[in-house]
Amino acid sequence: MEKREELYRGKAKSVYKTDDADRLILLFRNDTSAFDGKRIEQLDRKGMVNNKFNAFIMQKLEAAGIPTQFDKLLADNEVLVKKLDMIPVECVVRNYAAGSLVKRLGVEEGMKLNPYTFELFLKDDAKGDPFINESHVVAFGWGTAEQLARMKELSLKVNDVLTKLFDDAGLLLVDFKLEFGVFSDGSIVLGDEFSPDGCRLWDKDTKKKMDKDRFRQGLGDVIEAYEEVAQRLGVPL
Ligand code: ADP
Ligand code: UDP
């Protein structure tokens, strides 16, 4: 597998072409951003921890029948993935109220949502990733009704699998964000990453925040918390 030119440099990862038209390399950097990229800092070990964390989770999801981009780990900070045509929509599943939901509706943080909620945001930093609904996705051509239905079905399946996985590690999966893309065979595949950067995880007993809210809220020990989650799950770092 030969690494070719950089295709895209995002806020946290760089994406490289390879000699295989159907594969890309994702390089996880230490850059940590919040508030749509308005705040960026370097956190030691973050690229490595998130790369290995993501590989572990993607393999668990794949084993549960969810199609993912994961191919193989190449290095501490690099993973080989399926090249997807990304759908510019973030799928957010919530089990407890937090973050923008609390701000938007004024409900109490930590309120159990029964049933879970499913939300969509347009992936567009310049516009502040606005909240959108299902009809917008189809009307503006970001995805078809069928693709959207599949993204929702897969998001809820991810929630089932990961709620149980984190519960067994003494953690509440509060909410998470997923991104999907279309593979060369036309199928919808889970892309991007699943790591403590894109979800909320609280200790079941103490409710200690173990995710990127530690960075957003200046709570400190950000990577130490990510490493503790990894260790509880049995992710080899
Ligand atoms: P952002 O673009 O939000 O700043 P990142 O720094 O994580 O985010 O950049 C990674 C970029 O790569 C994102 O735009 C993401 O949509 C895209 N991406 C993730 N996985 C794949 C994939 N398998 N194929 C193509 N693009 C991908
Ligand atoms: N999220 C993300 N990227 C985004 C926006 C949200 O990974 O651009 C994740 C976030 O970490 C949380 C979930 O999606 O786990 C829900 O985020 P929310 O809408 O509450 O927004 P926030 O207040 O975190 O910006």
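All ligand and atom numbering here is 1-based and tracks the order in the structure.
- For atom 23 (O) of ligand 2, the nearest non-hydrogen atom of the protein is S100 N, 3.2 Å.
- For ligand 1, the atoms lying closer than 4.0 Å to a non-hydrogen atom of K123 are 1 (P), 2 (O), 3 (O), 14 (O), 16 (O).
- With ligand atoms numbered from 1 in the order given, ligand 1 contributes 24 (N), 25 (C) to contacts under 4.0 Å with heavy atoms of L24.
- Listed by number with element, the atoms of ligand 1 under 4.0 Å from a non-hydrogen atom of V81 are 23 (N).
- Contact check on E227 versus R45 returns a salt bridge, with a Lys/Arg side-chain nitrogen under 4.0 Å from an Asp/Glu carboxylate oxygen.
- A salt bridge between E119 and R104 is present, with a side-chain N of the basic residue lying under 4.0 Å from a carboxylate O of the acidic one.
- Aromatic ring pairs are classed by plane angle as parallel below 30°, tilted from 30° to 60° and perpendicular above 60°; the pair F194 and F53 is parallel.
- In this structure, of F180, F28, Y8, the residue bringing a heavy atom nearest to atom 11 (C) of ligand 1 is Y8.
- Looking at atom 15 (O) of ligand 2, its nearest protein heavy atom turns out to be D175 OD1, 2.6 Å.
- Contacts between V174 and ligand 2, counted as non-hydrogen atom pairs separated by less than 4.0 Å, are absent for every part of the residue.
- Each ring-ring contact (aromatic ring centres under 6.0 Å, His included) pair with one or both residues in residues 96-123, not counting sequence neighbours, appears once here: F121-F131.
- Looking only at heavy atoms of the protein, atom 5 (C) of ligand 2 is closest to E90 OE1, 3.7 Å.
- Ionic pairing of D160 and K164 is not present here: no N-O contact between side-chain nitrogen and carboxylate oxygen is shorter than 4.0 angstrom.
- Under a 4.0 Å criterion applied to the non-hydrogen atoms of G99, ligand 2 contributes the atoms 20 (O), 23 (O).
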task = Please lay out, stage by stage, how S184 and D22 fare under the test side-chain hydrogen bond (donor to acceptor under 3.5 Å, both in side chains).
result = CA-CA 7 Å; S184 56; D22 267 343; 3.1 Å; yes
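- Remark: ligand 2 atoms within the under-4.0 Å shell around heavy atoms of D197 are 7 (O), 11 (O).
- Between E119 and ligand 2, no N or O atom pair is found at a separation short of 3.5 Å.
- When each atom of ligand 2 is checked for a heavy atom of D129 under 4.0 Å away, the hits are 8 (O).
- In terms of modelled atom types and a separation under 3.5 Å, the side chain of N51 and the main chain of D76 share a donor-acceptor contact.
- Here V102 sits in one hydrophobic cluster together with L101, L105, V107, M111, L113; the rule is ILVMFWY side chains under 4.5 Å apart, joined directly or through other members.
- Salt bridge annotation for R232-E228: present, with a cationic side-chain nitrogen under 4.0 angstrom from a carboxylate oxygen.
- Contact atoms of ligand 1 toward K82: 22 (C), 23 (N), 24 (N) (distance under 4.0 Å to a heavy atom of the residue).
- Taking every heavy atom of C199 and a limit of under 4.0 angstrom, the matching atoms of ligand 2 come to 11 (O), 15 (O).
- Annotation for ligand 1: atoms under 4.0 Å from non-hydrogen atoms of L84 are 22 (C), 23 (N), 24 (N), 25 (C).
- Contact annotation: K103 has no heavy atom less than 4.0 Å from any atom of ligand 2.
- Listed by number with element, the atoms of ligand 2 under 4.0 angstrom from any heavy atom of R200 are 12 (C), 15 (O), 16 (C), 17 (O), 18 (P), 20 (O), 22 (P), 23 (O), 24 (O).
- Assignment of F121 to the shell around ligand 2 is supported, since a heavy atom sits closer than 4.0 Å.
- Heavy-atom distances between R9 and ligand 1 stay at or above 4.0 Å for every pair.
- One finds a salt bridge joining K152 and E134 here, because a Lys/Arg side-chain nitrogen approaches an Asp/Glu carboxylate oxygen to under 4.0 Å.
- Using a 4.0 Å cut-off between charged nitrogen and carboxylate oxygen, D175 and R94 count as a salt-bridge pair.
- When non-hydrogen atoms are compared, ligand 2 lies under 4.0 Å from the side chain of R216 (C-beta onward) but not from its backbone.
- Between E62 and K60, none of the side-chain N atoms (NZ, or NE/NH1/NH2) sits under 4.0 Å from a carboxylate O, so this pair counts as no salt bridge.
- When only modelled atom types and interatomic distance are considered, K209 and Q217 share a side-chain donor-acceptor pair under 3.5 Å.
- Remark: among candidates V79, D192, D36, D125, the nearest residue to atom 10 (C) of ligand 1 is D192, based on non-hydrogen atoms.
- Of the protein's non-hydrogen atoms, K177 CE, 3.5 Å is the one closest to atom 2 (C) of ligand 2.
- Contact analysis leaves D36 out of contact with ligand 2, as no non-hydrogen atom separation drops below 4.0 angstrom.
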